[in-house]
Amino acid sequence: MPGAYPQLIQLDQKKPLSAVIKEICDGWNLPGPENYALQYADGVQTYITESNRLDIKNGCILRLTKAPGRCAEDLFKGIQSSDSGVRCDSLKELASVSTDVTFAQEFISRDGHLLLVKIVEDSHDAMIMMHTLTAFMELMDHGIVSWENLSTIFIKKIASFVNGKSSDAAIQQVSLDILESMVLSSYSLFLQVKNEVTMERLIAHLQVTNQLIQTKAMALLMALLQTAGDSDREVQLMFLFNHLFIYALFSQNIIHSSGQVQDEMAHYLYVLQSVTLNHLEPRMRMALDSYNQEQRDILHRLRQAAFETEPENNLSHERRRSLCAKEFKKLGFSNNSNPGQDLVRTPPGLLALDTMFYFATRYPDAYSRFVLENSSREDKHECPFARSSIQLTLILCEILRIGEPPSETGSNYHPIFFSQDRLLDEMFCVCIQLLNKTWKEMRATQEDFDKVMQVVREQITRTLASKPTSLELFKNKVNALNYSEILKLRQTERLHQEETLAPPVLELKERLKPELLELIRQQRLNRLCQGTMFRQISSRRRQDKLWYCRLSPNHKMLHYGDMEEDTDIPPIETLQKKIPVADIKGLLTGKDCPHMKENKGKQTKEVLDLAFSITYDVEDSLNFIAPSRTDFCLWTDGLSVLLGREMSSDSMRSELEILLSMEIKLRLLDLENVQIPDTAPAVPKPPSNYNFCYDFSQTEQ
């Protein structure tokens, strides 16, 4: 229907929408203007209504098409046609137009979604099934009706597409999407899906080369893990990671595959890492119980593994007690008479005991060497094993974010996690030996304990930032980053960030600031002109929908609109929605944003730190969640410039300092090794007369 009429229509905002449509229909001799509606002329399936017409500015090109109600009625009849060709075409069109919420409301009001469920249950045609599932997913994605009332037959049919080896890839993809939404919508549906979809089939989907199938399979796997109870989740994780090839699968098929890891897959890898590591949280939160015989036995086995002692059965009670206290002191426990008191603090709680015992049993030679080497040193130069282990375990828990729920937007996963089945324990074994090495390099004493731990934290953090892919690579890199290298890096960073400057140089800095601030302002505006892709985040599930926003070259209009993930940067002409800069009233950030207030208490600090909104007209706002902290700073600075305000982001201050430092160094290049005085030299008094000159007319003899 849309192609049947002239396309170039400009909406007059002064007239009611019904009057505009009637005027067009009268001009083209079309009966029944109530059967028609307006859409964007660029093919975007969004109807223009009275509620959203304010988003459209004069000059926007529209087209005449069927009204949502008429279109819904026609397609409702078409998908029930006895002609398979008509039915297939109707389902294909339905899958396309169902993205519009106005149409979706009309179609669902006719129980069209239940008709689609019936088609899925009865149909065996692959093409019809693909269009039906796509249309169903688009309709349900609007959240108009609940997922709760789906039949068991329908769920089993969808699960069969995921479990079947010969299913069409497109059908498998949308089936995985539907099952993910079911799992996230209610616990009862989670139980049904968990019983129908086998873990083996999800693992098999991760082995395929189709990245979309991999991503959707990971999405369903993460939904199942996050919705499950603690005990059920632990069973699923054990099943997953007990497959011998699972680490090679993640490493070769996903992380190091020929294509780059997409943002959504990176998010799911991060979630899997977070959910798995968080199973260590109960041990981290649990203090040692001095009356627990098993825990006391582990402490004594640590002592016995470190020291070759005479048989204790032949010793008196007092002698045995004195010997134990002496050896626990050598092990580095603060309370040698009751070492369990050192493990009362949570975190790291019992997790510290677990890591120490793992090191002692997995690498007994390295353990004995550590303890005996420090036992032979002077007391003040001794590196206390127990105290160091407890603090190191806490540092590793903080770096790996154990105990923190996964963020909705996080994507910072560690490739090394997917190469080790006991990441924390193995990292501890590497890092406790690193700590002993660093202690010796720093020639530390007991008073330097906190300084040594800060250096070790920095060594671990910097090494993990380089994304090592295996434990061996991590071990090599972290050991190469010795104390002298850390000092060099700190010195370099200090020169870039914290220069101690003389007053004349500070005065020069102040004179240079306006010019450099203007340079940053122009860069921010240019970046807004390039635009940024933003992700729409729903509280119900992680959406794939994206939208793009950019500033017009003349800096007078903000253009924005929906886009697909794999498409290039959309031309500004395709972004039909516009907001004049002159209409922008204010800029809000964090918890003050309208979309953060709506979900108060549900958003993580990370999401709050990336949220910002612009307000325009009376109550309207355009809400953003920046892809990264850098984009947040660029956009808030750029919008502040457009509003005539001062830029205030951390990124701006950092860039200004870098530019000032570079400019100062260039200008003072000729003064290298020349000490600049704090005050300018005094200007001499003028001479009493100016009767002196050199006469060049006289030829020197």
Side-chain angles (χ1 to χ4, degrees), residues 199 203 206-207 218 221-222 225 233-257 261 265-284 347-348 350-367 389 392-404 406 410-435 456-457 459-481:
M199 188 70 75
I203 294 173
L206 296 176
Q207 295 175 279
M218 275 292 286
L221 180 59
M222 292 307 100
L225 287 174
R233 186 185 302 122
E234 188 170 354
V235 171
Q236 291 178 349
L237 285 170
M238 287 179 61
F239 182 89
L240 176 65
F241 287 105
N242 279 342
H243 280 72
L244 296 177
F245 62 89
I246 198 70
Y247 294 101
L249 187 155
F250 281 114
S251 180
Q252 297 172 13
N253 288 40
I254 299 176
I255 298 174
H256 300 298
S257 62
V261 177
M265 177 58 83
H267 169 74
Y268 294 133
L269 291 171
Y270 153 79
V271 171
L272 178 58
Q273 170 188 289
S274 181
V275 169
T276 306
L277 289 174
N278 279 349
H279 273 279
L280 299 170
E281 184 181 4
R283 298 289 288 179
M284 183 184 75
L350 286 178
L351 203 54
L353 181 62
D354 295 340
T355 53
M356 285 191 284
F357 188 66
Y358 182 85
F359 179 49
T361 53
R362 181 75 174 83
Y363 304 98
D365 292 341
Y367 171 65
S389 297
L392 177 61
T393 304
L394 177 61
I395 287 173
L396 289 173
C397 288
E398 291 172 352
I399 291 174
L400 297 175
R401 298 182 179 276
I402 295 173
E404 294 184 20
S411 59
N412 184 25
Y413 67 93
H414 298 296
I416 189 176
F417 169 80
F418 299 96
S419 69
Q420 281 295 323
D421 58 340
R422 300 190 66 162
L423 178 65
L424 179 72
D425 292 330
E426 290 292 343
M427 281 186 66
F428 173 85
C429 294
V430 171
C431 295
I432 192 65
Q433 297 175 77
L434 168 73
L435 190 152
V456 171
R457 177 191 285 271
Q459 289 171 316
I460 299 169
T461 305
R462 288 181 183 273
T463 304
L464 285 177
S466 67
K467 301 290 183 183
T469 54
S470 67
L471 184 69
E472 190 63 30
L473 195 57
F474 171 79
K475 182 178 179 180
N476 293 337
K477 286 188 173 185
V478 80
N479 281 295
L481 196 61

Residue pair [X] / [Y], side-chain heavy-atom distance below 4.5 Å:
X: M427; Y: I460; answer: yes
X: K475; Y: L434; answer: no
X: V456; Y: L392; answer: yes
X: F474; Y: L464; answer: yes
X: F418; Y: L272; answer: yes
X: T355; Y: L396; answer: no
X: Q433; Y: N479; answer: no
X: E426; Y: V430; answer: no

Apply salt bridge (Lys or Arg N to Asp or Glu O under 4.0 Å) to E404 and list each qualifying residue two or more places apart in sequence or on a separate chain.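 Per chain and number, E404 pairs via salt bridge (Lys or Arg N to Asp or Glu O under 4.0 Å) with R401.
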
How long is the gap from [atom1] on [X] to [atom2] on [Y], to the nearest 0.5 Å?
X: L481; Y: N476; atom1: CG; atom2: CG; result: 12.5 Å
X: H267; Y: S274; atom1: NE2; atom2: OG; result: 10.0 Å
X: L353; Y: T393; atom1: CG; atom2: OG1; result: 9.5 Å
X: L423; Y: L471; atom1: CG; atom2: CG; result: 8.0 Å
X: Y363; Y: D425; atom1: OH; atom2: CG; result: 9.5 Å
X: T276; Y: F417; atom1: OG1; atom2: CZ; result: 4.0 Å

Among L424, L350, L400, whose side-chain contact (heavy atoms from CB on, under 4.5 Å) with L280 holds? L424

Check this for me: does any side-chain nitrogen of one of R283 and D354 sit under 4.0 Å from a carboxylate oxygen of the other?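 Judged by the 4.0 Å cut-off on N to carboxylate O distance, R283 and D354 do form a salt bridge.
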
Smallest separation among heavy atoms of I432 and S389, with atom names: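 So the two residues come closest at CD1-OG, 3.6 Å.
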
Nearest heavy-atom neighbours spanning Y358 and C429: CD2-SG, 3.6 Å

Main chain of I402, side chain of N278: is a donor-acceptor contact present, judged purely on distance under 3.5 Å?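 Flag not set: sc N278 to bb I402 has no pair under 3.5 Å.
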
Given M222 and L269, is the side-chain contact (heavy atoms from CB on, under 4.5 Å) satisfied, shown in steps? CA-CA 9 Å; M222 292 307 100; L269 291 171; over 6 Å; no

